[in-house]
Amino acid sequence: MDKVMSNKKIIALYVLPALLLILTLVYIPIILTGYYGLHEWNGIGAMKFIGFDNYANLLQDKTFWDSAWHSLLLAIFSGLSLLIYLAVAMVVAGRIKGANLFRKIYLVPMLLSSVAIAQLWLRMYHPTNGVINSFLTSIGIDNPPAWLAEPSLVLIALFIPILWQYAGFYILIYYSALKNIPTSLEEVAKIDGATGIQIALRIKLPLIMEVIKVTIVLSLVGSLKYFDLIYVMTGGGPNGSSEVMASYMYSEAFKSYDFGYGSAIGFFLLIICLVVTWIIRKLTATKDTIQYS
């Protein structure tokens, strides 16, 4: 086995299929997207090279910057929601009554597609027959809001199902990390007189900090390129009030048939995600990693 693994040709042969797959599905599409962004193209006819005009127009496009602001708000909301997920994971990872049942319940959204979740919440937000407005009416509110039709409320109304959709994913990650912490550490801390909050803040959090960093990157970058649930529920409306960068890119490319401009938006979105990832890694960089056994 050592002879095989020391042979560079064998190693290259093992790596080649994965490398070809990554090149085909990731890097080549990225290069083509940047290339298409340099052209005026409707997706069917001949392409006309226009240089960086699409990117210059993008920087002056108010609709794009509005959608970027909405994506930023979603990213902030998602980042803050990680605190809720972490708190829930710590409670579930503890020895509390009913934890096993709760662990099954919070995984339910992970079993549903984004389209199914969107349809579910569309019915909950229905202005007359929805569960939410029916409840508000029952407690004496005569004119409950049309959640998805009012520009001032639509983003909040969308952020709530997004939080619900990904709750199980992040809670499961935190729960798994917390369960890997040796129970002996917690027992020793309790003997020394540490409270539950002190154990959580001074023992558990530092030990799972690397996992937390990964979830921060996943949450923020995922929010910046979020698309499916928002598109199904509102399509970016009303009047662009819920438009995000990914939905605006789709609208320009597949509704306005401006694939050059849509590609420029997609490539610019990629750059933003890379910059955000780099900033997060710099802000959360530490010299030492806490080890435990």
Side-chain angles (χ1 to χ4, degrees), residues 58 60-85 106 108-110 112-170 216 218-256 258 261-262 265-266 268-269 272-273 276:
L58 180 65
Q60 301 173 9
D61 187 347
K62 183 181 181 301
T63 303
F64 170 77
W65 289 112
D66 287 341
S67 68
W69 171 245
H70 299 156
S71 294
L72 178 61
L73 290 176
L74 176 57
I76 295 172
F77 174 83
S78 299
L80 293 176
S81 67
L82 292 179
L83 298 174
I84 301 174
Y85 303 146
Y106 71 67
V108 171
M110 295 179 62
L112 304 175
S113 68
S114 294
V115 174
I117 292 173
Q119 292 297 326
L120 171 65
W121 283 86
L122 277 172
R123 284 158 177 75
M124 291 182 67
Y125 283 134
H126 193 280
T128 56
N129 301 322
V131 173
I132 296 175
N133 280 5
S134 296
F135 171 75
L136 294 177
T137 303
S138 68
I139 61 175
I141 299 177
D142 295 330
N143 296 308
W147 298 96
L148 300 179
E150 296 189 15
S152 60
L153 295 175
V154 64
L155 284 177
I156 297 174
L158 288 172
F159 290 171
I160 292 173
I162 293 172
L163 183 150
W164 182 75
Q165 178 183 13
Y166 287 99
F169 174 74
Y170 288 108
I216 291 173
L218 289 175
S219 175
L220 297 186
V221 174
S223 299
L224 290 174
K225 60 186 184 66
Y226 197 80
F227 169 73
D228 43 8
L229 186 141
I230 292 176
Y231 180 76
V232 174
M233 290 187 70
T234 65
N239 297 323
S241 298
S242 62
E243 195 85 82
V244 292
M245 287 187 286
S247 64
Y248 186 53
M249 173 189 69
Y250 178 88
S251 176
E252 288 297 309
F254 294 98
K255 290 185 176 180
S256 300
D258 192 346
Y261 192 57
I265 296 173
F268 194 73
L269 175 57
I272 292 175
C273 291
V276 169

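Keep in mind that the numbers below use all heavy atoms, side chains included, and drop hydrogens, waters and symmetry copies.
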Checklist line | ring pair (Phe, Tyr, Trp, His ring centres under 6.0 Å) partner of Tyr231, the single match among Tyr248, Tyr226, Tyr250 | finding: Tyr250
Notebook entry, point to check: What heavy-atom pair brings Val154 and Gly237 nearest, and what distance separates the two atoms?
Noted result: CG2-O, 3.9 Å
Next item on the list: Rounded to the nearest 0.5 Å, what's the gap from NZ on Lys62 to OG on Ser67? Could you check?
Entry: 10.5 Å
Next item on the list: Work out which heavy atom in Leu148 is nearest to a heavy atom in Pro238; give both atom names and the distance.
Entry: O-CD, 3.6 Å
Check: How long is the gap from OG on Ser134 to CD1 on Ile139, to the nearest 0.5 Å?
Finding: 11.5 Å
Check: Is there a side-chain contact between Leu120 and Trp164 (heavy atoms, below 4.5 Å)?
Finding: yes
Next item on the list: For residues Ser242 and Leu158, report the shortest heavy-atom separation together with the two atoms involved.
Entry: CB-CD1, 3.5 Å
Next item on the list: Could you grab the distance from atom OG of Ser81 to atom CD1 of Ile76, nearest 0.5 Å is fine?
Entry: 12.0 Å
Next item on the list: Find the distance between CG (Leu229) and CH2 (Trp121) and round it off to the nearest 0.5 Å.
Entry: 10.0 Å
Notebook entry, point to check: Rounded to the nearest 0.5 Å, how far does OH of Tyr170 lie from CD1 of Ile216?
Noted result: 10.5 Å
Checklist line | Under 3.5 Å: donor-acceptor pair, side chain of Asn133, backbone of Pro127 | finding: yes
Check: Does some side-chain heavy atom of Leu74 sit less than 4.5 Å from a side-chain heavy atom of Ser78?
Finding: yes
Note to self: A side-chain contact here means heavy atoms from C-beta on lying under 4.5 Å apart; do Ser241 and Thr234 qualify?
What the structure shows: no
Notebook entry, point to check: Checking His70 side chain against Val244 main chain: does a donor-acceptor pair fall under 3.5 Å?
Noted result: no
Next item on the list: Work out which heavy atom in Leu163 is nearest to a heavy atom in Phe77; give both atom names and the distance.
Entry: CD1-CZ, 3.6 Å
Margin query: Does any part of the side chain of Asp228, heavy atoms only, come nearer than 4.5 Å to the side chain of Val232, both counted from C-beta?
Written below: no
Check: Taking C-beta and beyond as the side chain, do Pro161 and Met233 meet within less than 4.5 Å on heavy atoms?
Finding: yes
Notebook entry, point to check: Passes side-chain contact (heavy atoms from CB on, under 4.5 Å), Trp147 versus Ile160? Steps please.
Noted result: CA-CA 12 Å; Trp147 298 96; Ile160 292 173; over 6 Å; no
Next item on the list: Please name the pair of heavy atoms, one in Met245 and one in Ala68, separated by the smallest distance, quoted to 0.1 Å.
Entry: CG-CA, 3.7 Å
Notebook entry, point to check: Side chains of Leu58 and Tyr261: does their closest heavy-atom pair fall under 4.5 Å?
Noted result: yes
Next item on the list: Taking the side chain as every heavy atom from C-beta outward, state whether Trp69 and Asp66 have any pair of such atoms under 4.5 Å apart.
Entry: no
Item checked: Distance-minimising heavy-atom pair for Leu136 and Pro144 -> CD1-CB, 4.0 Å
Margin query: Measuring from atom OG of Ser71 to atom CD1 of Ile230, what distance do you get when rounded to the nearest 0.5 angstrom?
Written below: 7.0 Å
